[in-house]
Amino acid sequence: MNYCIGSLEMADLMIKNGRVFYEGKLVQTDLSVINGKISAISKNQSRSNTKEVIDATDKIIIPGGVDVHTHILDLIFSYRDDFITGTQGAASGGITTVIEMPLGIEGKTAIESFEMQLEEMKKKCLIDYGLIGAAGHNTIDSIEELAKRGVVAFKTFMINAPEEEAELKDLAAKDDYYLLKIFEEIAKTGLVSCVHAENDAIIAHEIENHIAEGKTDFQAHTNSRPVISEDEACVRAMVLAHEAKVKLNLVHMSSKTSFEHIRNAKRLGWNVSCEVTPHHLFFTTEEAEQIGSWLKVNPPIRSIEHQEAAWNGIKDGTIELIASDHSPYSHEEKDMKSKNNNIFECGSGTPVLETMLPMMLDAVNKQKITLAKLIDVISLNPAKRFGLYPRKGIIQVGADADLVIVDMNKEYTLKSENMYTKTKITVFNERKIKGAIEKTIVRGRTVFDNGKFCVEKGFGVYLTPKF
Ligand SMILES: [Zn+2]
């Protein structure tokens, strides 16, 4: 039975005997690659002259993950992670494309910072990559130029960049007038505007109050960012973005009520999407408290009703994207004891690039999500929303051969010591999961093979969006 015939000329790579995720389901077939592109998906292809054959008996082959939200932040924070270790981690976790967030470098303009990041990524990335441009009140004039240079989207904070995080200087919209102007400028580029939606005033006062009352434990962080601070900003961002006719992507959303507001906006036909992180899907606030500062994230990990709302939002299509918000830190930066047990002194964010897809494959095995839905939210939808489809995000003839070979029956334990990102830490440490990534292939080349990396640094290519 032939599912799709492409070219049957001599292939560079053939994957035989596996079940390939094709047209929404797993199909027992073979897959060939020529010049980095999928050239044929059909059974009983001749293997004569094929340069490399992979036997995928009892394995499934799915499209590589497209992670649209990483903060590897090499250059300034290379002690936390760099583009080599970061993309090694990504490849080991079945991610074949990373979209890196902007980084404001001291004394440099947004465009200079972008060029420096791009230069570094070109030298180091093992997988394909794109960059998000900084869009803040002091960088409005750079938006058009950044779009010309190929950013896949823009990022804006609705909270003031904290002074100690100077790297966020180019991303802050200091008030709603500027937020609207930023949206209008991005709308002209046709690109997506990614927004971190939290209400600055509510949070700033709450943190002040908590510190004044001597409350600085893990839950003080959670309580200082109440649901309303997310909901209000979510609605405000949607109203302003709709007015400006810009495509809005709300990053790492976490509250049940925000999901309801987004659901309503979609019903009205507003152009809005939203992301959820693996840590918001797999932890409740009580569980997060046990782990402590490595689960200090913004918005905070919330209670079970919010977690359940996130899973339901994925199911009904309200949440279209899962993205890692990968944010590594050093152990020192996350060590509460050395900071008088003050959670507010610890950095916000956690490294999760390499564990995201493994945790989600386990969720497929536990029937929390279907494989088809997982591929929608982790490959297809991110590629479509950020202008990388049909090159990325799908297994079909003509697409880049970005593939992950998975043994869905293999059980193993996630361990911090086995992580590739520099700090070697995962909040999923000691989780027993089922579903293991054996090989990750980018444009037909095996990048990760059972614990080994098979390409040189700099193998990744720079991706620019096409709509
Ligand atoms: Zn982020």
Side-chain angles (χ1 to χ4, degrees), residues 65 67-95 97-105 113 116-117 120-121 123-127 129-132 155 157 161-162 164-168 171 196 221 251-252 275 277-280 282-283 288 291-301 322-336 338-339 343 345-359 414-429 431 448 453 457 460:
D67 188 352
V68 295
H69 192 148
T70 66
H71 302 268
I72 296 172
L73 305 188
D74 200 345
L75 291 176
I76 296 185
F77 300 109
S78 47
Y79 62 91
R80 296 177 184 170
D81 207 2
D82 61 44
F83 291 130
I84 299 174
T85 53
T87 56
Q88 281 179 336
S92 75
I95 304 297
T97 297
V98 281
I99 304 297
E100 173 76 357
M101 284 291 169
L103 175 68
I105 297 166
S113 296
M116 289 171 72
Q117 270 184 297
E120 208 64 15
M121 292 187 94
K123 280 190 271 180
K124 295 180 176 173
C125 287
L126 274 72
I127 61 168
Y129 54 90
L131 268 164
I132 289 181
K155 171 76 179 289
F157 272 89
E164 67 276 14
E165 294 183 61
E167 74 275 11
L168 304 176
L171 282 70
H196 178 138
H221 167 71
V251 300
H252 49 52
E275 291 169 15
T277 73
H279 30 290
H280 287 100
F282 290 107
F283 290 101
I291 289 181
S293 61
W294 283 102
L295 271 174
K296 182 201 179 197
V297 292
N298 301 332
I301 306 290
I322 294 181
S324 70
D325 191 18
H326 176 73
S327 305
Y329 284 91
S330 69
H331 288 275
E332 196 279 323
E333 287 168 319
K334 282 285 195 179
D335 179 24
M336 264 182 87
S338 67
K339 301 178 196 321
I343 190 73
E345 297 286 315
C346 294
S348 294
T350 198
V352 74
L353 183 49
E354 53 205 306
T355 46
M356 174 166 68
L357 184 56
M359 284 299 296
L414 289 171
K415 285 189 182 292
S416 286
E417 68 205 53
N418 294 336
M419 296 296 118
Y420 294 98
T421 43
K422 263 184 201 172
T423 37
K424 290 199 171 291
I425 190 109
T426 172
V427 290
F428 300 112
N429 189 35
R431 287 251 186 164
F448 173 79
F453 297 98
K457 62 180 181 175

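All values below were derived from every heavy atom in this structure, side-chain atoms included, with hydrogens, water molecules and symmetry-related copies excluded.
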>> Under the criterion side-chain contact (heavy atoms from CB on, under 4.5 Å), I'd like the reasoning laid out for Thr85 against Tyr420: C-alpha separation, chi angles, the key distance, then a yes or no.
In response: CA-CA 6 Å; Thr85 53; Tyr420 294 98; 5.7 Å; no
>> I'd like to know if Asp82 pairs up with Lys124 as an ion pair, taking the criterion as any Lys NZ or Arg NE/NH1/NH2 lying under 4.0 Å from an Asp or Glu carboxylate oxygen.
In response: no
> In Å and rounded to the nearest 0.5 Å, what is the CH2 to OH distance from Trp294 to Tyr329?
Replying inline: 9.0 Å
> Is a side-chain donor or acceptor of Gln117 paired with a backbone partner of Met101 at a separation under 3.5 angstrom?
Replying inline: yes
>> Donor-acceptor check, side chain of Lys424 to backbone of Met419, threshold 3.5 angstrom: yes or no?
In response: yes
>> Hydrogens and angles aside, do Glu354 and Thr421 bring a side-chain donor and acceptor to less than 3.5 Å of each other?
In response: yes
>> Taking His71's backbone N and O only, do any of them form a donor-acceptor pair with Ser327's side chain (distance below 3.5 Å, no angle check)?
In response: no
>> Within the 4.5 Å heavy-atom criterion, are Met121 and Thr87 side-chain neighbours or not?
In response: no
> So, for Gly94 and Leu357, which heavy atoms are closest and what is the spacing to 0.1 Å?
Replying inline: O-CD2, 3.7 Å
> Under the 3.5 angstrom rule, does the side chain of His279 hit a backbone N or O of Ala288 as a donor-acceptor pair?
Replying inline: no
> Minimum heavy-atom separation for Ala323 to Val68, with atom names?
Replying inline: CB-CG2, 3.9 Å
> At what distance, to the nearest 0.5 angstrom, does CD1 of Ile84 lie from CD of Glu120?
Replying inline: 8.5 Å
>> Testing the 3.5 Å rule here: is there a donor-acceptor pair between the side chains of His326 and Asp81?
In response: yes
>> Around atom NZ of Lys457, are there more than 12 heavy atoms from other residues, nucleotides or ligands closer than 6.0 Å?
In response: no
> Closest approach of Ala91 and Phe448, non-hydrogen atoms and distance?
Replying inline: O-CB, 3.9 Å
> Among Leu75, Ile72, Leu131, which residue meets the side-chain contact (heavy atoms from CB on, under 4.5 Å) test with Leu103?
Replying inline: Leu75
> What's the spacing between Leu73 CG and Ile105 CD1 if we round to 0.5 Å?
Replying inline: 10.0 Å
>> When you measure from the side chain of His196 to the backbone of Pro299, do you find a donor-acceptor pair of N or O atoms at a distance under 3.5 Å?
In response: no
> Checking Arg431 against Phe428: charged group under 6.0 Å from the ring centre and within 45 degrees of the axis?
Replying inline: no
>> Ile95 vs Leu353, test: side-chain contact (heavy atoms from CB on, under 4.5 Å). Steps then yes/no.
In response: CA-CA 8 Å; Ile95 304 297; Leu353 183 49; 4.3 Å; yes
> Rounded to the nearest 0.5 Å, what separation is found between the OG1 atom of Thr355 and the CD1 atom of Ile425?
Replying inline: 11.5 Å
>> How long is the straight-line distance from CG of Asp325 back to OG1 of Thr350, given to the nearest 0.5 Å?
In response: 9.5 Å
>> Please give me the minimum heavy-atom distance between Ser324 and Met356, naming the atom from each residue.
In response: N-SD, 3.5 Å
> Does the side chain of Glu332 come under 3.5 Å of the side chain of Tyr79 through a donor N or O and an acceptor N or O?
Replying inline: no
> Could you go step by step and tell me if Leu295 and Phe283 meet the side-chain contact (heavy atoms from CB on, under 4.5 Å) rule?
Replying inline: CA-CA 9 Å; Leu295 271 174; Phe283 290 101; 3.6 Å; yes
> Which heavy-atom pair separates Ile127 from Ala90 by the least distance, and what is that distance?
Replying inline: CD1-CB, 3.6 Å
>> Side chains of Ser338 and Asp335: any donor to acceptor distance under 3.5 Å?
In response: yes
> Distance-only, no hydrogens or angles: does the Ser416 side chain make a donor-acceptor pair with backbone N or O of Thr426 under 3.5 Å?
Replying inline: yes
> Where do Asn298 and His252 land on the side chain to side chain donor-acceptor pair (under 3.5 Å) test, with the steps shown first?
Replying inline: CA-CA 8 Å; Asn298 301 332; His252 49 52; over 6 Å; no
>> Quiz question: by atom type and distance under 3.5 Å, do the side chains of Lys296 and Ser348 form a donor-acceptor pair?
In response: yes
> Distance from Lys422 atom NZ to Asp74 atom CG, nearest 0.5 Å?
Replying inline: 6.5 Å
>> I need the minimum non-hydrogen distance between Pro328 and Arg80, along with the two atoms involved.
In response: O-CD, 3.0 Å
> Does the side chain of Ile301 reach to within under 4.5 Å of the side chain of His280, using non-hydrogen atoms?
Replying inline: yes
> When you look at Asn429 and Glu417, which way does the side-chain contact (heavy atoms from CB on, under 4.5 Å) test go after all the steps?
Replying inline: CA-CA 9 Å; Asn429 189 35; Glu417 68 205 53; over 6 Å; no
